[in-house]
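In what follows, every chain begins at residue 1, and chains take the letters A, B, ... in the order their sequences are listed.
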There are 2 protein chains.
Amino acid sequence: MIVSNIYSDIPDDLTHEVFEEIVRNGSLKLERIISKGHETPKDQWYDQDKDEWVILLKGSAGLVIEGEEEIVFLKPGDYVLLPAHLKHRVEWTDSEEETIWLAVHYQKQAG
Amino acid sequence: MIVSNIYSDIPDDLTHEVFEEIVRNGSLKLERIISKGHETPKDQWYDQDKDEWVILLKGSAGLVIEGEEEIVFLKPGDYVLLPAHLKHRVEWTDSEEETIWLAVHYQKQAG
């Protein structure tokens, strides 16, 4: 039995945000994302083909949803469901410590 | 945007282990499990039809895999992949504080 830890093995180089696949199975993907002061470029939005369920496990972040004025503050344990094509961007992530996310991407099924 | 927190809204009554569905989509199920001193009955094993990826987020637990002698100690952030029909049982969970798990159940796809 291999036990891994979501808070461990953080790469030294966090110049760029890190995306690591944990599980891939058909259209399902579990991913660890590590941010440190990263943000989505000002004029860009995530516009994804799949639904995404994402939980922030460490650090903090501000999430912007297109058409919503308020920035959604996320602290450890907070999770949201981002349906496919709901445009969103990460306004900020903690610059002092790593922000660790677990994202579950999946293709929405009828019913 | 609805933000929920995986550590919040813990039921008062934890006489029985609590299983709460967070997302269901086709064969995919995300589930929060709350344990407090619970264990799988001594003569029982989980023998599941689907693969399960599970992460322990709070508390601690001991996991037993059929055929392995050592009890796998799980602390916050630890995760394991339990393929379908890999028999396993929870030997113990923390009796002082809640143990919170996030489980992702999914049907293994070819390829």
Side-chain angles (χ1 to χ4, degrees), chain A residues 1-10 21-32 50-58 60-84 86-88 100 102-111, chain B residues 1-10 21-32 50-58 60-84 86-88 100 102-111:
Chain A
M1 179 56 35
I2 298 167
V3 180
S4 306
N5 191 282
I6 199 99
Y7 305 115
S8 299
D9 299 318
I10 305 296
E21 193 173 297
I22 299 175
V23 169
R24 180 180 286 272
N25 182 70
S27 68
L28 172 69
K29 183 171 74 172
L30 269 66
E31 181 179 59
R32 176 170 79 159
K50 292 197 224 169
D51 285 11
E52 176 181 2
W53 181 90
V54 63
I55 184 168
L56 188 151
L57 292 175
K58 179 174 183 285
S60 56
L63 184 69
V64 178
I65 306 296
E66 193 185 39
E68 292 191 14
E69 283 201 13
E70 212 164 329
I71 297 176
V72 180
F73 176 82
L74 298 176
K75 63 181 186 303
D78 283 346
Y79 63 83
V80 294
L81 181 63
L82 300 165
L86 178 72
K87 288 188 187 174
H88 60 281
I100 298 182
L102 172 69
V104 182
H105 304 270
Y106 58 94
Q107 195 69 51
K108 181 136 183 114
Q109 307 283 313
Chain B
M1 179 57 34
I2 298 167
V3 180
S4 306
N5 191 283
I6 200 100
Y7 305 115
S8 299
D9 300 317
I10 305 295
E21 193 173 296
I22 299 175
V23 169
R24 181 180 285 272
N25 183 69
S27 68
L28 172 69
K29 184 171 74 171
L30 268 67
E31 182 179 58
R32 175 170 80 161
K50 291 197 227 169
D51 284 12
E52 177 180 2
W53 181 90
V54 64
I55 183 167
L56 188 150
L57 293 175
K58 180 176 183 283
S60 57
L63 184 70
V64 178
I65 306 295
E66 193 186 39
E68 293 190 15
E69 283 201 15
E70 212 163 331
I71 297 176
V72 180
F73 176 82
L74 297 176
K75 63 181 184 304
D78 283 347
Y79 62 84
V80 295
L81 182 63
L82 301 165
L86 178 72
K87 289 188 186 174
H88 60 280
I100 298 181
L102 172 69
V104 182
H105 304 269
Y106 58 94
Q107 194 68 51
K108 180 133 184 120
Q109 307 283 312

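- For B:L74, the part sitting under 4.5 Å from any heavy atom of chain A is the side chain, from C-beta outward, and nothing else.
- Here the closest non-hydrogen pair linking B:V23 and A:W53 is CG2-CD1, 3.6 Å.
- Annotation for B:V80 and A:I2: closest pair CG1-O, 3.6 Å, computed over non-hydrogen atoms.
- Residues B:K75 and A:N5 form a side-chain contact, since some pair of their non-hydrogen atoms from C-beta on lies under 4.5 Å apart.
- Two residues are said to be in side-chain contact when any heavy atoms from C-beta on lie closer than 4.5 Å; A:L102 and B:L102 meet this criterion.
- The distance from the CG atom of A:L81 to the OG atom of B:S4 is 9.5 Å, given to the nearest 0.5 Å.
- Of all the heavy atoms in A:I22 and B:Y79, the pair that sits closest is CG2-CE1, 3.8 Å.
- Here the closest non-hydrogen pair linking B:E68 and A:M1 is OE2-N, 3.1 Å.
- By number of non-hydrogen pairs under 4.5 angstrom with chain B, the leading residue of A:F73, A:Y106, A:Y7 is A:Y106.
- A:Q107 approaches B:N25 most closely through the heavy-atom pair O-ND2, 2.8 Å.
- Contact of A:I100 with chain B is not made at all, since no heavy-atom distance falls under 4.5 Å.
- Of all the listed residues (B:I65, B:L30, B:V72), the one sharing the greatest number of non-hydrogen pairs under 4.5 Å with chain A is B:L30.
- Dense packing is recorded around CD of B:E21, with more than 12 heavy atoms of other residues, nucleotides or ligands lying under 6.0 Å away.
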